[in-house]
Number of protein chains: 2
Amino acid sequence: MTARFPNIGDVATAAGVSTATVSRVLSAPDRVSEATRAIVIRAIEETGYRINHAARNLRRRQAGGIVVLVPNLANPFFSQILSGITSAMATSGYNVLIADTRHAGDADHRIADYLHNNRSDGLIVLDAQLPPDVLSAGETAARRPPIVFACEWLDDDPRPTVTIDNFEGARLAVDHLADLGHRSIGHLTGPPDNVLTIARARGTRAALAARNLTVREDWFFEGDFSLASGAALAVHWLALSERPSAVFCASDAMACGFIGALHQRGVSVPDDVSVVGFDDIEIAAHFVPSLTTIAQPRALIGETAARTLLALLENGRTTDVATSVSQTLPVRLVARESSAPPR
Amino acid sequence: MTARFPNIGDVATAAGVSTATVSRVLSAPDRVSEATRAIVIRAIEETGYRINHAARNLRRRQAGGIVVLVPNLANPFFSQILSGITSAMATSGYNVLIADTRHAGDADHRIADYLHNNRSDGLIVLDAQLPPDVLSAGETAARRPPIVFACEWLDDDPRPTVTIDNFEGARLAVDHLADLGHRSIGHLTGPPDNVLTIARARGTRAALAARNLTVREDWFFEGDFSLASGAALAVHWLALSERPSAVFCASDAMACGFIGALHQRGVSVPDDVSVVGFDDIEIAAHFVPSLTTIAQPRALIGETAARTLLALLENGRTTDVATSVSQTLPVRLVARESSAPPR
DNA sequence: GCATCTGATGCAATCGATTACATCGCTGCA
DNA sequence: TGCAGCGATGTAATCGATTGCATCAGATGC
């Protein structure tokens with residue numbers, strides 16, 4: 001019914017060459033004489049030929065795409081990392097599939113499916129809390145596409161990882177508050193088994209200790225990085241008989257939720273309590289009050305992860321060098337209105 | 001070097017049947033006797049067989065995925081729509097590719113590539129401001145995969161579109177402010193050639209007129225939906241000799257940017273000026289002050305668009321019915337702290 | 001002038017799943 | 001008994017690009 005799309009054979013006929021030559025013009029232009037190449041390119045344009053990726057991928061025994069496993073697409077923190085990934089992947093020829101690991105529709109078997117070679121050529125994993133059997137570097141790993149971890153990581157895992165220095169970030173936050181004169185500092189954490197939570201909480205404890213400030217367990221509140229959890233923890237904080245004069249939140253979202261809920265209850269930031277966030281998401285600079293936070297180079301994290309994966313893929317095609325590098329990107333403190341000297 | 005993955009032939013051998021039967025178990029289970037089906041399924045499990053999508057797509061002459069064109073991945077407004085789309089697509093077998101149309105890496109030719117049938121089986125377009133030749137329903141359209149527009153649309157375009165009632169949303173916002181007693185109401189718009197901008201501005205003007213309130217052109221400010229533009233327009237607003245007592249912003253992001261910048265300059269919301277946003281993004285409820293806004297059913301928009309596209313794809317396979325429906329989803333006002341009676 | 005080499009190109013097998021068509025065995029009816 | 005009909009299954013062509021190997025023309029060397 002509908003006219004067939006031109007295929008490589010049609011181009012070959014139009015150019016008066018064989019399909020092999022057309023294919024070479026597409027994938028290895030150097031192996032074709034300049035004159036022939038020009039003719040073929042013209043024929044491609046005239047026929048309106050578009051390469052059929054399914055056929056190419058089948059023959060090349062590849063999937064043609066990489067998959068990004070992200071814990072929560074709706075979190076603006078991740079969208080900018082995705083931006084960096086897609087930007088770095090744009091010219092590579094690989095498709096970028098994004099899968100929300102916490103999403104109902106994306107059941108476990110679906111994720112496991114992505115881990116299979118003929119579904120994707122590689123993965124960037126932003127969620128290290130997936131079931132261990134899914135991510136383990138175990139025996140079936142040979143059948144799996146290469147994985148690059150970003151933001152989160154698995155302890156003692158040899159695979160390449162792109163992270164920031166979370167420990168240092170927490171130290172910067174606590175030092176900043178201590179420098180302002182705060183002696184009582186609380187901390188809102190992420191989910192307890194999360195590596196980021198652990199690293200940031202350790203950094204917080206270490207920095208407090210280094211400043212000779214007491215580490216009070218009842219000033220550590222367990223959240224989950226979300227706006228809602230920050231708001232919920234504000235209620236717990238208000239219920240304390242003795243409240244810290246400053247709170248370091250393990251994410252900007254929690255910080256915003258926390259400040260918002262305090263505001264609803266007539267508690268003012270930074271007058272009544274100073275707040276420092278983590279991430280420097282876009283809203284941080286515009287929040288009321290604007291949010292002091294630890295900035296992560298989000299786009300750079302994404303780009304770096306993507307480039308590392310591309311290198312792995314390239315490597316896999318040629319030699320079998322085990323490219324395993326861990327890259328730690330810098331964080332910095334951005335001081336804004338939400339932190340001030342205690343009253 | 002690496003052991004080959006089991007293919008459909010290996011499964012056939014293991015089960016003692018032909019590849020055709022295995023294929024039928026996979027794609028048309030009804031056409032295989034129950035006994036054989038059980039044997040084949042066992043063989044699939046034993047061999048660890050995974051279907052090769054490249055081969056299937058090649059044979060079926062399809063791309064195996066749909067593409068979502070989104071103007072800005074980093075905007076949280078879109079991420080929830082994407083959530084809805086991926087959720088509705090999860091069980092369909094189609095991959096979901098996300099392309100950021102405003103992103104440097106995604107040049108025009110790349111987008112045009114997606115518009116070609118053998119690159120994607122269908123598109124969901126959230127950005128109606130792409131170059132007209134890219135989206136036009138013109139002569140080459142037959143060679144193109146079906147398109148569903150969502151959020152934004154092209155006027156007089158026959159293709160299916162999922163939107164909300166922007167005109168009504170603007171009316172709700174203005175009526176709310178008028179009900180509170182505001183007689184002078186300004187409006188921050190999106191980019192001037194955007195359909196949403198136009199519809200919301202028309203709704204604003206109509207509602208003002210219906211209330212016998214003057215429509216003052218110097219109280220209409222041109223933004224671009226972003227946080228930064230909201231902040232920039234706050235400066236312009238402050239420069240007015242006569243300021244409206246309320247401002248309706250065409251996006252929550254602009255509203256937050258606007259309020260944040262006013263706060264920096266000592267102007268308080270809602271005491272000095274009431275603000276209403278549009279979208280009800282997650283932060284709206286947690287902002288300081290919490291933001292009165294027009295809520296859009298974001299996940300539902302995504303799901304509806306996805307389902308419409310799936311219906312189109314299904315249709316295309318059987319009959320050639322021109323499925324062309326426009327669906328308008330409801331909006332509602334969420335009153336919060338940022339709007340109050342004028343002083 | 002002839003053998004050899006090199007670069008360009010063509011031939012044809014191949015990747016793995018699907019599906020039109022053929023086949024086979026069985027039931028049921030005349 | 002014979003044959004149509006039907007459900008289940010097998011055979012083999014097919015989708016479109018890639019690539020190992022063969023071929024060929026022209027250049028180079030002796």
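Every chain is numbered from 1 and lettered A, B, ... according to where its sequence line falls, protein lines coming before strand lines. Owing to the predicted nature of the structure, the values given are computational and were not obtained by experimental measurement.
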Report the residue (A/Ala55 or B/Arg31) whose heavy-atom-nearest nucleotide on DNA chain C is the more 5′ of the two. A/Ala55

Whole Å only: how far is the CD atom of B/Glu34 from the P atom of D/dG7? 16 Å

Heavy atoms under 4.0 Å, any strand shown: does A/Val32 hit a base, just sugar-phosphate, or nothing? sugar-phosphate

Report the nucleotide, chosen from C/dG16, C/dT18, D/dA17, that has the shortest atom-to-atom distance to any side-chain atom of B/Arg56. C/dT18

Bend across the helix from C/dG1-D/dC30 to C/dA30-D/dT1, to 10°, with axes taken over 5 pairs at each end? 50°

How long is the span from the OG1 atom in A/Thr86 to the CD1 atom in B/Ile98, to the nearest 0.5 Å? 9.5 Å

Side chain A/Thr19, main chain A/Ile8, donor-acceptor under 3.5 Å: no

Any sub-3.5 Å donor-acceptor pair from B/Thr161's side-chain atoms to B/Arg159's backbone N or O? yes

Does C/dT18 have OP1 or OP2 under 4.0 Å away from a side-chain N or O of B/Arg60? yes

Measure CD1/A/Ile8 against C1'/D/dT19 and give the value in whole Å, please. 11 Å

Whole-Å distance separating the CD1 atom of A/Ile44 from the P atom of D/dA17: 10 Å

Which listed nucleotide (D/dT9, D/dA17, D/dC15) is nearest to the side chain of B/Leu58? D/dC15

Could you check whether B/Val17 gets within reach of a base, just the sugar-phosphate, or nothing at all, counting any heavy atom under 4.0 Å? sugar-phosphate

Nearest-nucleotide pick for B/Arg24, side chain only, options being C/dC11, C/dT18, C/dC21: C/dC21

Any side-chain to backbone donor/acceptor pair from A/Asp100 onto A/Leu73? Under 3.5 Å, distance only. yes

Nearest-angstrom distance from the residue atom CG of B/Asn57 to C1' of C/dT18: 12 Å

Using a distance-only test with no angle check, is there a side-chain donor-acceptor pair under 3.5 angstrom linking B/Thr47 and B/Asp10? no

C/dG10, OP1 or OP2 - any side-chain N/O from A/Thr21 closer than 4.0 Å? yes

Mapping A/Ala54 and B/Gly16 onto DNA chain D by nearest heavy atom, which one lands closer to the 5' end? B/Gly16

Per atom distances to the B/Ala20 side chain, the nearest of D/dT11, D/dT18, C/dA17 is D/dT11

For the side chain of B/Ser27, starting at C-beta, report the closest nucleotide among D/dT9, C/dT18, D/dC21. C/dT18

A/Tyr49 has a side chain; which of C/dA12, C/dT18, D/dA17 sits nearest to it? D/dA17

Among A/Leu123, A/Leu130, A/Val125, the one residue meeting side-chain contact (heavy atoms from CB on, under 4.5 Å) with A/Leu115: A/Leu123

Once rounded to the nearest 0.5 Å, what's the spacing between atom CD1 of A/Ile124 and atom CD1 of A/Ile147? 11.0 Å

Can you check the B/Asn52 CG to C/dT14 P distance for me, whole Å? 17 Å

OP1 or OP2 of C/dT9 sitting under 4.0 Å from any side-chain N/O of A/Ser33? yes

When rounded to the nearest 0.5 angstrom, what distance separates OH in A/Tyr94 from CG in A/Leu309? 8.0 Å

Between CG of A/Asp30 and P of C/dA8 the distance, given in whole Å, is 10 Å

Measure from CZ on B/Arg59 to C1' on D/dA12 and round the result to the nearest Å. 11 Å

Between A/Asn7 and D/dG16, is there a contact of a side-chain N or O with OP1 or OP2 at under 4.0 Å? yes

How many whole angstroms separate atom CG of B/Leu26 from atom C1' of C/dG16? 12 Å

